Amino acid sequence: MSLSYELVQPEGGVPIKLWTRGVPVEPEARQQLANAARLPIVFKHIAAMPDVHLGVGATVGSVIPTLKAIIPAAVGVDIGCGMMAAKTTLRAEDLPDQLGPLRAAIEQAVPHGRTPRGRDVGAWEHPPEPVDQAWAQLAPDFDALCERHPRLRQTNNRKHLGTLGTGNHFIEVCLDEADLVWFMLHSGSRGVGNAIGTHFIELAKQDAERHQRNLPDQDLAYLEEGAEYFGDYVRAVSWAQNFAMKNRELMMAQLVATVRALIPKPFEVQVEAVNCHHNYVQREQHFGQEVFVTRKGAVSARRGQLGIIPGSMGARSYIVRGLGNPESFESCSHGAGRVMSRNQAKKRFTVDDQVRATQGVECRKDADVIDEIPMAYKDIDAVMAAQSDLVEVVHTLKQVLCVKG
DNA sequence: ATGTAC
């Protein structure tokens, strides 16, 4: 039987297994995977998902298991970034014909966009009660962290909880194959997670310099167990991941309340919503060994575990169930993956292209979202086919409304 | 992705 993945053996490193059959992979991404494979702390092999593409330090769409050490830049700065989705009892025909007012109401209810100095655009001016309650839960561990790392206090933290952000972060209303309405959203740990990531990436680089480590790439600097800041990083990254998960829960609640206020028909939202990180690190057992697994643009896919693989603004998204494939460290892709940079997309496509590609979706179609045009992403169907031994599709979702930051 | 500096 042929392998479901491509096997590459970089000289002086662990093997790389790529679930990329029928999907393009940039040579630069291969080089970057090989760099990570040469680190002495990597366990067994590296897994590349079908949406793999070049990132900072580590490749987006990769799973890197490490022994008694973590590479902060492999986790990245968008710590805890991920997806949340929930099915409702609403049906397509319960939605209004014109979705513009609903989009405007969601944009009004959930802070989104940039948070430049002195102006609260993407942040709460006065966080509502549920946000303050959630912050009260997060605050003690954050305060403890700030005692040892005071610069982290100078961040947007409490006012960013329950807010969307920018770029590819979005909120969608979707229909599944049975015309049931779903809510779905994509966001992370906002400013404070970014500051934590940046801070510890810097500390890891200083640590590598002190130890005169010979690294294939400075962005692959790692912190080892016993290093001065290792424990702090583990606590900080875990805190940011909790912040991100709570951030998504709060936005989902806000979204549900907003739709309830606008749609006359009463409806229920499933209690067991899916809420999964795709940029994170955690302790796991693989091949009988306790390891740190860093998923950068990858989702956990243990047997039976539900995950979310979104397509682009105009494409379908998938609710998936993990098959627990041990060779992928029980993981799957986090999306379609880009085929071109944001700048390339803005050069190549016009507003007319964007209008055509997002037909039937109530969303922004202006010059500032062309970098998110569906053609800038890989074909989601090819991506799904390449990982058929990692996940099975449970639901297929098509967006009818999309809010971008 | 985010915030800030250029």
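Protein chains get the first letters and strands the later ones, always in sequence-line order, with residue 1 at the start of each. On a predicted model such as this, the values are computed, not experimentally measured, just so you know.
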Checklist entry - Which part of the nucleic acid does A:H160 contact within heavy-atom distance under 4.0 Å: base, sugar-phosphate only, or nothing? => result sugar-phosphate

Next on the checklist: Less than 6.0 angstrom separating the ring centers of A:F43 and A:H286, yes or no?
Outcome noted: no

Checklist entry - Strictly under 6.0 Å, is that where the ring centroids of A:H112 and A:F170 end up? => result no

Next on the checklist: Between P on B:dA1 and NE2 on A:H199, what's the gap in Å once rounded to a whole number?
Outcome noted: 23 Å

Item to check | Separation of B:dG3 C1' from A:R151 CZ (nearest whole Å) | outcome: 12 Å

Checklist entry - Within this structure, what is the CD1-to-P distance between A:I201 and B:dT2, rounded to whole angstrom? => result 15 Å

Next on the checklist: Between P on B:dG3 and CZ on A:R153, what's the gap in Å once rounded to a whole number?
Outcome noted: 18 Å

Checklist entry - For B:dG3, does OP1 or OP2 lie under 4.0 Å from any side-chain N or O of A:N156? => result yes

Next on the checklist: Just the rounded figure in Å: distance from C1' of B:dA1 to CG of A:N168.
Outcome noted: 8 Å

Checklist entry - A:I79 has an atom CD1; how far is it from atom C1' of B:dG3, in whole Å? => result 15 Å

Checklist entry - Under 6.0 Å from the six-membered ring centre of A:F292 and within 45° of its axis: does the NZ or CZ of A:R283 meet both? => result no

Checklist entry - Just how far, in rounded Å, is P of B:dA1 from CG of A:L185? => result 15 Å

Next on the checklist: Looking at A:H186, I'd like to know whether one of its side-chain N or O atoms comes within less than 4.0 Å of OP1 or OP2 on B:dA1.
Outcome noted: no

Checklist outcome for this item: Those residues at least two apart in sequence (or on a different chain) that pass ring-ring contact (aromatic ring centres under 6.0 Å, His included) with A:Y5 are A:W19

Item to check | Between P of B:dT2 and CZ of A:R342, the distance in whole Å | outcome: 10 Å

